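Everything on this sheet refers to the single structure shown next.
Just so you know, residue 1 is the first one in the sequence shown, and it goes up from there. Here the structure is a predicted model, which is why all the values come from computation and not from measurement.
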Amino acid sequence: MGRRRRRAAAAGALPEAIAALSRALPAGPSPETFRRAKFDRPEAAPALWQLLFRVLSPLQTDRASASLAPEAQARWVKCALLSQGYPRRGLAQLPEDGSGGSRELLLALSWLLAREPLLERLLAQTRVRLGDEMPVCECEALASPGLPGPQVEIDCPVDVRHLQWLMGKLRFRWRNLMASQQEQCALLGKLLRRLQSENTRLEAALEWHRRELVFWQWMDTVLDACPPEASQPAFLPSLRGCGAAELELVARELQALHEELRAAGEARRAAWAARVGDLGPEWNAAQRAAQEAVGRELAALRQAWEQSGGLVQPHGPHRLVRTEAGVPGGPGLRAAEVIGALKSREACLEETLHQLQAQCRQQLARLAGALPGLIWIPPPRR
């Protein structure tokens, strides 16, 4: 009696698990598509081809996906799965017109789910950006121009026409303000709908994780229904016929190629050194300056590495999340780590600024010496 109850509970939880997986996936097919794919029904194949294309190319937009023909999407899915090491040969033999192979496509989707945290990656890529992120390290920070200063108008006699012009200007700006407020409300409504859709997918992903075991038990039955395959994929070359003599011959050829490349490199290096030596002392001074700059950069990087204890410096945007005192934090960064990284970045930027200022002073001195008849006036300090 207990075994029957467990089977009945598993049978009842299976549709809920498949439905949760369908809602969590981007544009996931209906749960009925999964059931038909188990029995290799041809009508379930087009939806699974499109789903695999969306999963394997998450950066593609809906318009770009719709512009590709189903045959092109099928070829792309085959190449992507082959490059990721999908072991079954039956996928490469499927027709590209979407006329069959739904069971093999279901197995490929299950392989992706078991290989990596697929749902978490897709949810992270399609997450709605709320502006609660702070870039920890910006490699190329571009200074944005500031706001224009306020314009001061010259005092003039007040007349009726000037007041009418000011009233018209006020009405025009009021209409612009109302239009911008309406546009902001429309954008907020769109953002709210996107957040609701994301919350629905997150709830479905949580439901899927609670019932994931039932899905994998069902996939065991799907795999049992497939015909057996050889363990070696068709796209891997066979190396059984290669013996020790062939491998030794290949090793000698590689060694000969290595010696030939080394000799050619030394000849080119000698020719380049001879050509550079003809440029005079200016080139030698520039070369020494470049070597010193590289040495300073390496020393700064080594010092930053030693101060951080060999840990990887934080990079990229991180969300700002407030945690309670005494509660263990998640995988994010703490404020002290962010402040330390920003201070280290500030020190590097200041050193780079000093180097650029020194180079500018040297360039100005060189120009002033080349043109003695001109007077160089530096810009006023701010």
How about [X] and [Y]: do any of their side-chain heavy atoms sit closer than 4.5 Å?
X      : Y      : value
Leu356 : Gln359 : yes
Leu106 : Asp40  : no
Glu104 : Gln93  : no
Trp49  : Asp97  : no
Met219 : Lys38  : no
Phe39  : Val222 : no
Leu188 : Leu192 : no
Leu254 : Val250 : yes

From [X] atom [atom1] to [Y] atom [atom2], the distance as rounded to the nearest 0.5 Å:
X      : Y      : atom1 : atom2 : answer
Glu183 : Gln181 : CD    : CD    : 10.5 Å
Trp111 : Tyr86  : CH2   : OH    : 8.0 Å
Leu113 : Trp216 : CG    : CH2   : 5.0 Å
Arg211 : Leu206 : CZ    : CG    : 12.5 Å
Ser30  : Arg35  : OG    : CZ    : 10.0 Å
Glu16  : Leu21  : CD    : CG    : 14.0 Å

Derivation and outcome, side-chain contact (heavy atoms from CB on, under 4.5 Å), residues Lys343 and Ile339: CA-CA 6 Å; Lys343 287 184 177 179; Ile339 293 173; 3.7 Å; yes
Residues which pass side chain to side chain contact (heavy atoms under 4.5 Å, CB included) with Ser197, listed by chain and number, not counting sequence neighbours: none
Without swapping roles, check the side chain of [X] against the backbone of [Y] for a donor-acceptor pair under 3.5 Å.
X      : Y      : result
Arg103 : Ala225 : yes
Ser102 : Arg41  : yes
Ser180 : Asn176 : yes
Arg54  : Pro26  : no
Ser22  : Ile18  : no

For [X] and [Y], which heavy atoms make the closest approach, and how far apart are they?
X      : Y      : result
Ala45  : Gly100 : CB-O, 3.7 Å
Ala37  : Ala44  : N-CB, 4.1 Å
Leu105 : Leu91  : CD2-CD1, 3.8 Å
Glu297 : Thr352 : OE2-OG1, 4.3 Å
Ala20  : Trp208 : CB-N, 3.7 Å
Gln73  : Gln50  : OE1-CA, 4.1 Å

Cluster overlap [X] with [Y], hydrophobic side-chain contacts below 4.5 Å:
X      : Y      : value
Leu122 : Leu48  : yes
Leu123 : Leu112 : no
Leu202 : Leu191 : no

Between Glu253 and His258, a side-chain donor and acceptor under 3.5 Å: no
Selection residues 212-226 - residue pairs positive for salt bridge (charged side-chain N to carboxylate O under 4.0 Å, His left out), sequence neighbours left out: none
All pairs passing salt bridge (charged side-chain N to carboxylate O under 4.0 Å, His left out) where residues 352-363 contributes a residue, at least two apart: none
Steps toward side-chain contact (heavy atoms from CB on, under 4.5 Å) verdict (Arg23, Glu203): CA-CA 9 Å; Arg23 294 194 306 269; Glu203 293 175 356; over 6 Å; no
Trace of the salt bridge (Lys or Arg N to Asp or Glu O under 4.0 Å) decision for Arg252 with Glu248: CA-CA 6 Å; Arg252 286 198 300 268; Glu248 186 178 356; 3.3 Å; yes
Would you call [X] and [Y] a salt bridge, taking side-chain N to carboxylate O under 4.0 Å as the test?
X      : Y      : value
Glu266 : Arg269 : no
Arg210 : Glu207 : yes
Arg194 : Glu198 : no

Between Trp218 and Phe34, ring centroids under 6.0 Å: no
Glu259, CD: over 12 other non-hydrogen atoms inside 6.0 angstrom: yes
